[in-house]
Protein chains: 2
Amino acid sequence: MEPELRHLRYFVAVAEELHFGRAAVRLRMAQPPLSQQIRQLEAMIGTPLFVRTSRSVALTPAGEAYLDRCRRVLATVADDVHEAGRIGRGEQGRFDIGFVSSAIQLGLAGPIRRFRERHPAVHLRLHEAYTAHIVDRLLNGEVDLGVVRDADDHDDLVGTTFATESFVAVLPADHPHAGDLAIDAAVLRDDPFVFFPRVAGERAYQRNLRPCLEAGYTPKIVQDATSWATVAHLVAAGLGVTIAPASISAVVPASVGVVPLTGTEAATEVQILRRRQDDRITSTGFEAAGRAS
Amino acid sequence: MEPELRHLRYFVAVAEELHFGRAAVRLRMAQPPLSQQIRQLEAMIGTPLFVRTSRSVALTPAGEAYLDRCRRVLATVADDVHEAGRIGRGEQGRFDIGFVSSAIQLGLAGPIRRFRERHPAVHLRLHEAYTAHIVDRLLNGEVDLGVVRDADDHDDLVGTTFATESFVAVLPADHPHAGDLAIDAAVLRDDPFVFFPRVAGERAYQRNLRPCLEAGYTPKIVQDATSWATVAHLVAAGLGVTIAPASISAVVPASVGVVPLTGTEAATEVQILRRRQDDRITSTGFEAAGRAS
DNA sequence: GGTCATCCGTATCCTTGAGATATGGAACCC
DNA sequence: GGGTTCCATATCTCAAGGATACGGATGACC
């Protein structure tokens, strides 16, 4: 037979009181069953823990040592319960955020800093990726929060808007409109386009195309690239033009022209996404931190 | 309601099988009461330990952490029973020493032998681990003595110096300085470094960096490894160089160069640590054995 | 796509054993 | 020697742990 924590709790009580009657009172039970449980424990261990005369109770050396161990075990068990609870509530443990790179340019660092202050016991890990990948990883639990661009709606996810941006044209230095203050997307009708890959996120792709579609044409995409920074450099190298969220200006080389678009209401949105059932304060709280920025 | 060891045993079984049916077989009981006990445990903790679909069972992060704790508790409870039994039979219990591997090279075997001679009835158990882990285990009572490197100060622990070492450079055979009699850390400024993981012990990490910092640079760490022996072999394989306590020379492959460092007073210290309130002769006496060596 | 097998949960019943009550016996006090 | 204290023994009760039967959901297979 194996001991249960009950045996340890009873043993500690008797060892501390050195009196079965008082220990029973403290444990809110009668004295005989307490004696019985202690006997069971002694039988399991194979040695007496107390020397009893009918007038006094004292610990044996084995009992002395075992008392110390039992206190530790009981404290550990209680601690472990609390720790697991904290992890479950998100107050401790790991927290993984997937984000699109442009979120940094839009001020994601602030909410991240506040998160670290608010939850110092949480090990925060940041993963840069595409919107579509982040949504997948959010759904299968690889990340706990996604900061994404124009994600498709999903029943299991809820989100809030983190930032909204308009689109700008990015043109090589020698492009006729590179110095303009603003242009209409229509003027780029015949230009070759560099673009980001469609698999990065369907909705973001569609929204990014909108200025062109509204101007009545589908851009001729000659090349795609894996990040806006790369796109910008390919534009600089003369492969073509592009239309991108305004925050691209933070990563373009000096030699390219960044020109606001007129005649379109098209906009793109960076959102903070979490799983609908995920009610940990680390997840729900991040949105508030985002809004506060 | 408080958990019982039964709950922990059941939880571990399900966590290991990831299957309620098989776990129930292993526990020689029916599956429904097992599910019920797990639910009870989750209610007590306040957070789910498993995510169940009707096809699969998986641990939550909280469950993951709790599994580890439960295994420890169950092992401890079993050990404690045996220890108390031994004491009852006239043996003197167990004594657990946590030590960093390099302590062996520095002559820990001597004090250990003397300890055994002095306390033949004590069951001595040795646990190799990192400094940081040993300190944790010392504090929570899992070990009674720690032999650690450059531990952070702690109010509840007292320690004595066991050995002091200087640092040496460890270089691959084809490194230009591999045959030198001594070098300054500055010459390794541009070399890639292999290092031991920071989590092993913050203070040891800082001290180990000192020769480089004094030479005015932060080493470019390209790889870390879980033991100095591994580090040495990675150096031999040409991944980079390292700076390590002098005792690493006992575990380096023949093909690498071990070169003393000049121009630095940086040193590292191996300490014997015990709990401040622990005044058992087995604990306090070990220090004397250390000094005698 | 419909049937089947798998697997976890729910509902109900049963049985074990923890705990209560009553009592006994040894030690100490006066 | 009677009274008191205190732990052990004996018997009983009932809560709770465990078993059995069944249902619903999901993935597999033909």
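Just so we're on the same page: letters track the sequence lines, and every chain starts at 1. Since this is a predicted model, take the numbers as computed values, not measurements.
Distance, A/L5 CG to C/dA18 P: 14 Å, rounded to whole Å. A/L34 has its CG atom 12 Å from the C1' atom of C/dA18, to the nearest Å. Atom NE2 in B/H7 sits roughly 11 Å away from atom P in D/dA16 (whole-Å rounding). Computed from coordinates, the A/L27 CG to C/dA20 P distance equals 10 Å when rounded to whole Å. Atom CD1 of B/I38 and atom C1' of D/dG18 are 14 Å apart (whole Å). Distance A/Q37 CD to C/dA20 P: 11 Å, rounded to the nearest Å.
Just one of B/R86, B/E83, B/H82 meets the side-chain contact (heavy atoms from CB on, under 4.5 Å) condition when paired with B/H123; it is B/R86.
Residue A/L157 holds its CG atom at 8.5 Å from CD of A/Q277, rounded to the nearest 0.5 Å. Here the CG atom belonging to A/D155 is positioned 10.5 Å from the CG atom belonging to A/L139, to the nearest 0.5 angstrom.
Heavy atoms from other residues, nucleotides or ligands lying under 6.0 Å from CZ of A/R26 number more than 12.
B/R274 places a side-chain N or O within 3.5 Å of a backbone atom of B/D278 that can act as its donor or acceptor partner.
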Protein heavy-atom contacts under 4.0 Å, written 5' to 3' over nucleotides 4-15 of chain D as B (base), S (sugar-phosphate only) or - (none), form the string -BSBBBB-----
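At a non-hydrogen distance threshold of 4.0 Å, nothing from residues 43-50 of chain A comes into contact with DNA chain C. At a non-hydrogen distance threshold of 4.0 Å, nothing from residues 8-17 of chain A comes into contact with DNA chain D.
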Using a 3.5 Å cut-off and no angle test, enumerate the donor-acceptor pairs between side-chain atoms of residues 27-35 of chain A and protein atoms at least two apart in sequence or in another chain.
from: A/Q31; atom 1: NE2; to: A/S35; atom 2: OG; distance (Å): 3.1

For B/D144 and B/S283, run side chain to side chain donor-acceptor pair (under 3.5 Å): C-alpha distance rounded to whole Å, both residues' side-chain angles, the deciding distance at 0.1 Å, then the answer. CA-CA 7 Å; B/D144 301 292; B/S283 301; 5.7 Å; no
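With 3.5 Å as the limit, one finds a donor-acceptor pair spanning the side chains of A/E165 and A/S247. No hydrogens or angles considered: a donor-acceptor pair under 3.5 Å links the side chains of A/S102 and A/R149.
Ring orientation note: the planes of B/F11 and B/F50 are tilted relative to one another, at an angle of 30° to 60°. By the 30° and 60° cut-offs, the orientation of the rings of A/F195 relative to A/W228 is perpendicular.
Inter-residue side-chain proximity for A/E269 and A/R207 is flagged as met; some heavy-atom pair is nearer than 4.5 Å.
Not counting sequence neighbours, the partners of A/H119 by the side-chain contact (heavy atoms from CB on, under 4.5 Å) test are A/F115, A/V122, A/I281, A/T282.
Between its two ends, the helix from C/dG1-D/dC30 to C/dC30-D/dG1 turns its axis by 20°, counting five pairs per end and rounding to 10 degrees.
Using a 4.0 Å heavy-atom criterion, one finds that A/Q40 contacts the sugar-phosphate atoms exclusively.
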